[in-house]
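Report on one structure; see the data block that follows.
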Amino acid sequence: MIYIGLTGWGDHDSLYTELSNKKDKLITYASHFPIVELDSTYYAVQRQSTVEKWCDQTPDTFKFAVKAHQFMTGHSDYREHYDSIKDVFSAYKEMLMPMFHRNKLAFVLLQFPPWFDCSSKNIRYVKFAIELLKPFKVAVEFRNQTWFRDDFREHTLEFLHDSQVIHSICDEPQAGIGSVPFVNRVTDDTAFIRLHGRNVHGWTQQNRTSEEWRDVRYLYDYNRQELEWLKKQINILQHKTKDIYIVFNNNSGGHAAGNAKQLISMLNIEYSGLAPKQLKLF
């Protein structure tokens with residue numbers, strides 16, 4: 001099955017034009033899409049009660065692809081907050097247990113930073129992280145080109161396959177060492193595609209503030225021709241895997257929801273089991 005959704009549910013204003021209570025955003029989101037990439041877990045380990053609430057607000061068949069905490073992927077230092085990295089993983093797993101037991105956890109995404117290159121040390125860490133996340137299913141995304149250099153690409157894919165993890169296929173700007181090519185290969189019976197847009201000039205921070213960078217990094221609107229190309233890539237994957245998860249992350253300008261709906265239409269998908277849409281009475 002093909003599951004199409006967005007990264008997060010809070011910032012997609014086009015979905016909430018008739019929403020009066022902001023607390024109902026996830027409920028409304030789940031009436032449009034069957035999956036979401038949960039990114040608030042990257043910034044903080046949430047309360048179990050919060051995770052339970054998210055599960056309660058979504059249909060039984062709804063799935064969450066959950067982003068790993070920034071401490072777990074080396075984006076920031078855990079040592080001011082935890083005694084060991086194993087404690088970080090333990091707290092993170094505890095948080096997700098309600099979602100796991102209710103069969104709403106699609107997988108955990110380990111998105112490594114652009115400076116995380118292909119080296120023996122980093123390969124050992126990926127193995128370590130995968131082991132600590134058991135029994136959760138895991139997807140791995142690299143953002144350093146060395147993993148997919150001609151002489152390393154097959155080894156990288158073989159490593160992910162042997163580790164029984166999902167290769168995160170990325171569509172993103174080709175802007176040097178801190179970006180990876182679109183490698184339409186699977187390493188598991190689940191495929192995962194993340195669509196970051198193709199804004200080459202906004203992909204790296206350069207001299208921008210963090211806020212300015214957020215405003216431009218994922219500023220992109222996929223055109224019809226690009227979505228047709230993506231449809232062909234998805235058709236190829238359908239012959240090689242059981243499920244395909246696709247998330248649009250190009251929302252700096254609010255384009256993700258529209259692009260996702262357009263792709264759903266192009267693939268002639270009609271989802272059943274979505275949350276009921278709220279009726280507009282007046």
Side-chain angles (χ1 to χ4, degrees), residues 7 37-46 64-97 99-100 105-170 172 175-183 185-194 196 203-205 245 247 249:
T7 54
E37 182 180 298
L38 180 57
D39 55 4
S40 60
T41 50
Y42 171 82
Y43 300 99
V45 174
Q46 308 292 325
F64 294 86
V66 185
K67 202 168 180 181
H69 193 281
Q70 57 189 316
F71 293 160
M72 297 161 62
T73 49
H75 285 85
S76 59
D77 196 338
Y78 68 87
R79 284 173 287 190
E80 290 185 12
H81 305 274
Y82 292 89
D83 292 332
S84 73
I85 189 62
K86 288 186 177 181
D87 290 339
V88 180
F89 278 84
S90 179
Y92 182 90
K93 285 178 64 176
E94 178 97 6
M95 167 192 70
L96 286 182
M97 279 304 171
M99 189 179 287
F100 176 72
L105 175 62
F107 46 81
V108 172
L109 169 64
L110 288 166
Q111 179 199 298
F112 290 101
W115 56 87
F116 191 85
D117 62 353
C118 185
S119 65
S120 297
K121 176 185 175 182
N122 288 339
I123 290 170
R124 288 194 299 271
Y125 183 79
V126 175
K127 291 180 179 179
F128 170 79
I130 293 167
E131 187 66 28
L132 287 182
L133 282 169
K134 288 182 177 178
F136 299 161
K137 198 173 185 71
V138 174
V140 170
E141 178 172 324
F142 297 117
R143 286 199 170 180
N144 185 289
Q145 277 188 4
T146 56
W147 294 92
F148 296 106
R149 268 179 17 193
D150 289 345
D151 51 342
F152 284 165
R153 178 180 299 188
E154 295 304 320
H155 295 293
T156 295
L157 294 168
E158 183 180 3
F159 163 57
L160 295 176
H161 176 271
D162 292 347
S163 301
Q164 298 180 311
V165 300
I166 302 163
H167 163 226
S168 178
I169 302 166
C170 297
E172 62 189 38
I177 192 70
S179 58
V180 295
F182 188 93
V183 179
R185 300 275 294 278
V186 294
T187 56
D188 186 83
D189 61 2
T190 295
F192 183 37
I193 301 176
R194 297 183 82 219
H196 301 300
W203 187 245
T204 55
Q205 186 169 1
Y245 289 83
V247 293
N249 190 34

CG/Leu38 to OG1/Thr41 distance, rounded to the nearest 0.5 angstrom?
-> 4.0 Å
Kindly check if the number of other-residue, nucleotide or ligand heavy atoms within 6.0 Å of CZ (Phe128) is above 12?
-> yes
Do you know the tightest heavy-atom contact between Val45 and Ala91?
-> CG1-O, 3.8 Å
Identify the heavy atoms of Cys118 and Phe152 that sit nearest to each other, and give their distance.
-> SG-CD1, 3.8 Å
Has the side chain of Lys93 got a donor or acceptor atom that lies under 3.5 Å from a matching backbone atom of Lys134?
-> yes
Trace of the side-chain contact (heavy atoms from CB on, under 4.5 Å) decision for Asn144 with Ile177 = CA-CA 6 Å; Asn144 185 289; Ile177 192 70; 3.9 Å; yes
Examine distances only and state if a side-chain atom of Ser168 and a backbone atom of Val140 form a donor-acceptor pair shorter than 3.5 Å.
-> no
To the nearest 0.5 Å, atom CG of Asp189 lies from atom NZ of Lys137 at 5.0 Å
Run the numbers on Ile169 and Arg185 for side-chain contact (heavy atoms from CB on, under 4.5 Å), then give the verdict.
-> CA-CA 7 Å; Ile169 302 166; Arg185 300 275 294 278; over 6 Å; no
In terms of side-chain geometry, is the basic nitrogen of Glu172 or Arg194 positioned less than 4.0 Å from the acidic oxygen of its partner?
-> no
Chi angles and distances behind the side-chain contact (heavy atoms from CB on, under 4.5 Å) call for Phe100, Leu105 | CA-CA 5 Å; Phe100 176 72; Leu105 175 62; 4.3 Å; yes
Can you tell me how far the CZ atom of Phe136 sits from the CZ atom of Phe89, to the nearest 0.5 Å?
-> 11.5 Å
Could you check whether the rings of His75 and Trp115 sit parallel, tilted or perpendicular, using 30° and 60° as the cut-offs?
-> perpendicular
Do Arg143 and His196 have a side chain donor and acceptor closer than 3.5 Å?
-> yes
Locate the shortest heavy-atom distance separating Asp87 from Asp83; write the atom from each residue and the value.
-> OD2-CB, 3.6 Å
Gap separating the CD atom of Glu37 from the CG atom of Asp39, nearest 0.5 angstrom | 6.5 Å
Test His167 against every option in Tyr245, Phe148, Phe142, Phe107 by the ring pair (Phe, Tyr, Trp, His ring centres under 6.0 Å) rule and name the one that passes.
-> Phe148
Quick check: does any side chain N or O of Gln145 sit under 3.5 Å from a backbone N or O of Gly178, one acting as donor and the other as acceptor?
-> no
Which residue pairs pass the side-chain hydrogen bond (donor to acceptor under 3.5 Å, both in side chains) test when at least one of the two sits in residues 118-127, sequence neighbours left out?
-> Asp117-Asn122, Ser119-Asn122
In chain order, what residues pass the ring-ring contact (aromatic ring centres under 6.0 Å, His included) check against Phe182, with sequence neighbours excluded?
-> Trp229
Just by modelled atom types, is the Phe116 backbone N or O under 3.5 Å from a matching donor or acceptor in the Trp147 side chain?
-> yes
Would a 4.5 Å heavy-atom cut-off, applied to side chains only, mark Ile193 and Val247 as touching?
-> no
Counting heavy atoms not belonging to Asp162, are there more than 12 under 6.0 Å from its CG?
-> yes
Checking Asn249 side chain against Thr7 main chain: does a donor-acceptor pair fall under 3.5 Å?
-> no
Of all the heavy-atom pairs spanning Ile166 and Thr187, show the shortest one and how long it is.
-> C-OG1, 3.7 Å
Val186 vs Phe192 side-chain heavy atoms within contact, under 4.5 Å = no
To the nearest 0.5 Å, tell me how far Leu133 CG sits from Leu110 CG.
-> 5.5 Å
What distance do Leu109 atom CG and Glu141 atom CD have between them, rounded to the nearest 0.5 Å?
-> 6.0 Å
Among Arg149, Arg153, His155, side-chain hydrogen bond (donor to acceptor under 3.5 Å, both in side chains) partner for Asp151 = Arg149
Could you give me the CA-CA distance, side-chain angles and deciding distance for Lys86 and Leu132, then say whether side-chain contact (heavy atoms from CB on, under 4.5 Å) is met?
-> CA-CA 8 Å; Lys86 288 186 177 181; Leu132 287 182; 4.1 Å; yes
Exercise answer: donor-acceptor pairs, residues 64-71 side-chain atoms, under 3.5 Å, sequence neighbours excluded:
residue: Lys67; atom: NZ; partner: Gln111; partner atom: OE1; Å: 3.3
residue: His69; atom: ND1; partner: Phe71; partner atom: N; Å: 3.0
residue: Gln70; atom: OE1; partner: Ser76; partner atom: OG; Å: 3.2

